[in-house]
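Below is one structure; the comments refer to it alone.
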Amino acid sequence: MGAAMRRIHVGNALSAFGLGFTVPYLYVYVAQVRGLGSVTAGLVLAVFAVAALIVLPFAGRAIVRRGPLPVLLVALVTAALGAMSLGLSASAGTVLLSAAALGAGQAVMQPALATMIVDCSTTETRSRAFATQFFLQNLGLGVGGLIGGHLVDTTSASSFTLLFAIEAAMFLVLVAVMATVRSPRAPRIEQAPGQTGGGSWKQLLGNRAMVQLCVLGFVLFFACYGQFESGLSAYGVEAAGISTSALGTALAANTLVIVVAQFAVLKFVERRKRSRVIASVGLIWAVAWAVAGYAGLGHGSQTMATAAFISTYALFGLGEAMLSPTLAPLVADLAPTGLAGQYNSAFALVKQLALAIGPAVGGPLGASLHAPYVVAFLLFSLGITVLAVRLGRQLTDVQNQPSLARSRVVTQGGAPADAVVVAEA
């Protein structure tokens, strides 16, 4: 790991640490502490998604033409201003504008950092680099949320102002850290005369493998991440009688599994076909939904229901640990030279769309239609397996299994590797 990659990983950890301070408490802050009501609080959460959907198509083009670092620095400053303004806002209008700035900056960070990881890694090291990124993001979110929970006081607006100030400071520290990164010079695509920005999007949409990966990504994020804090938690409370403390334990179990299993899983994933790894995740998540069904629809004790519900989140964490070294590197390997930023932004756009639709669909289902909710998302998980198998047919051997690129060096012109070494000696 070079100096540039170390700084990028520090940046990922710092940004996640800052977000962990505020994200879990945003609804309470707007609705109760500022006294703006649940409707405004709901609009703030919606603004995050809308802002991301608006800026991501332009972010991809900017990363391709200007490079990821300048785009990242602008995003960080925007997010810092949004966070600080949000901590000082007392009216609905300023809260919504501040949330838009924070949401836009946060959304652009993802593809910019991902593109920097691509520029600073090779096909052989990319899976480990993205696994490290995911590990540090979850660790940062968990530690930030834990510390923020001890600092926050719902009777004091100043305590929330402190949280948002810390978040803004993390973004500004990240500006200083990332400004020192000297990443390898990646190819830039200059816009030809008469060519519109839609040219690269047309090229992307003509890539059948990338289109299939985006469809698969939408189902993945819709069926898992889009349910964590909406449908699944509502289902747990309403159907399984899960207490808020048990729900917190379930979320902690999810993070713990990711942190503990990430690098052990990485050794398994690196030697397998990516399509088969993703297909396996679909099966694991199908089991997770079946366990969730037992928690809410079974007739066991409350202790068994709680244990089953916590196990559901743990199984989701295992699947996430398998996906982190698989999805993002695959997006990078599908991108033509110089268009990694465009492809990363497109995939981030799909993710944000799934995260916006997932809670809207899953929340009402999980709260009221318990059996249909579990069955529907169990089928979505099996659909992930089917889509992954189909995607595998569109990938080249090396795109599907990068370790083959190393193994093919074993022979040169049909001669064993050791024979080549002897001949050179």
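Heavy-atom basis, side chains included; hydrogens, waters and symmetry copies ignored.
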Val361 and Leu365: CA distance, side-chain angles, deciding distance, side-chain contact (heavy atoms from CB on, under 4.5 Å) verdict: CA-CA 7 Å; Val361 173; Leu365 277 177; 4.1 Å; yes
Worked check of side-chain contact (heavy atoms from CB on, under 4.5 Å) between Lys351 and Leu355: CA-CA 6 Å; Lys351 177 180 178 180; Leu355 294 179; 4.0 Å; yes
Stepwise side-chain contact (heavy atoms from CB on, under 4.5 Å) check, Gln401 with Arg274: CA-CA 6 Å; Gln401 190 173 355; Arg274 286 165 167 170; over 6 Å; no
side-chain contact (heavy atoms from CB on, under 4.5 Å) evaluation trace for Leu232 with Phe316: CA-CA 12 Å; Leu232 188 55; Phe316 275 123; 3.8 Å; yes
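From Leu86, atom CG reaches atom CG of Leu102 across 6.5 Å, with rounding to the nearest 0.5 Å. One distance of note links CD1 of Ile278 with CG of Leu327; it measures 5.0 Å at 0.5 Å rounding. Note that CD of Gln394 and CG of Asn207 are 9.0 Å apart. Values are rounded to the nearest 0.5 Å. Taking CD1 of Ile384 as the start and OG of Ser381 as the end, the distance is 5.0 Å to the nearest 0.5 Å. Ile258 CD1 to Leu139 CG: the interatomic distance, rounded to the nearest 0.5 Å, is 11.0 Å. Rounding to the nearest 0.5 Å gives a distance of 11.0 Å between CZ of Phe171 and CG of Leu81.
Taking both residues in full, the closest heavy atoms of Phe160 and Val33 are given as CE1-CG2, 3.3 Å, listed atom of the first, atom of the second, then distance. Closest of all the heavy-atom pairs between Leu318 and Val257 is N-CG1, 3.6 Å. Between Ala179 and Leu73, the shortest heavy-atom distance links the atoms N-CD2, 4.3 Å. Scanning all heavy atoms of the two residues, the minimum distance from Ser311 to Val291 falls at CB-CG1, 4.3 Å. Between Met178 and Arg7 the shortest heavy-atom distance is SD-O, 3.6 Å. The nearest pair of heavy atoms linking Ala253 to Ile310 is CB-CG2, 3.8 Å.
With a 4.5 Å cut-off on side-chain heavy atoms, Pro57 and Leu349 count as touching. The shortest side-chain heavy-atom distance between Leu391 and Leu330 falls under the 4.5 Å cut-off. The shortest distance between side-chain heavy atoms of Leu395 and Leu334 falls below 4.5 Å. Residues Ile8 and Cys120 form a side-chain contact, since some pair of their non-hydrogen atoms from C-beta on lies under 4.5 Å apart. By the 4.5 Å heavy-atom criterion applied to side chains, Thr312 and Trp289 are not counted as neighbours. Looking at heavy atoms from C-beta onward, Ser127 lies out of side-chain contact with Thr326 at the 4.5 angstrom threshold. Residues Met109 and Asn12 are not in side-chain contact: their nearest non-hydrogen atoms beyond the backbone lie 4.5 Å or more apart. Annotation: side chain of Leu76 is not in contact with side chain of Leu172 (no heavy-atom distance under 4.5 Å).
Classification of Asp333 and Arg126 as a salt-bridged pair holds, one side-chain N sitting under 4.0 Å from a carboxylate O.
Sorted by first and then second residue, the ring pair (Phe, Tyr, Trp, His ring centres under 6.0 Å) pairs with a member in residues 35-63 form an empty list; sequence neighbours excluded.
Asn344 and Gln110 share no donor-acceptor pair across their side chains, judged by distance under 3.5 Å alone. For the residue pair Gln133 / Ser324, no side-chain donor-acceptor distance below 3.5 Å is found, with atom types taken as modelled.
For Phe309, the ring pair (Phe, Tyr, Trp, His ring centres under 6.0 Å) partners two or more places apart in sequence, or in a different chain, are Tyr313. Qualifying salt bridge (Lys or Arg N to Asp or Glu O under 4.0 Å) partners for Arg128, counting only residues two or more places apart in sequence or in other chains: Glu270.
Side chain of Gln399 to main chain of Thr396: a donor-acceptor pair is present (N/O by atom type, distance under 3.5 Å, no hydrogens or angles). Side chain of Ser345 to main chain of Pro111: no donor-acceptor pair is present (N/O by atom type, distance under 3.5 Å, no hydrogens or angles). With Arg34 contributing its side chain and Ser91 its backbone, the two residues share no donor-acceptor pair below 3.5 Å. Within the 3.5 Å criterion, the main-chain N or O of Ser275 finds a donor-acceptor partner in the side chain of Asn400. Formation of a donor-acceptor pair under 3.5 Å by the Gln262 side chain with backbone atoms of Ala321 is found in this model.
Relative orientation of the Tyr235 and Tyr373 rings is tilted, given thresholds of 30° and 60° on the angle between their planes. The aromatic rings of Phe380 and Phe222 lie perpendicular to each other, with more than 60° between the two planes, well past the 30° mark.
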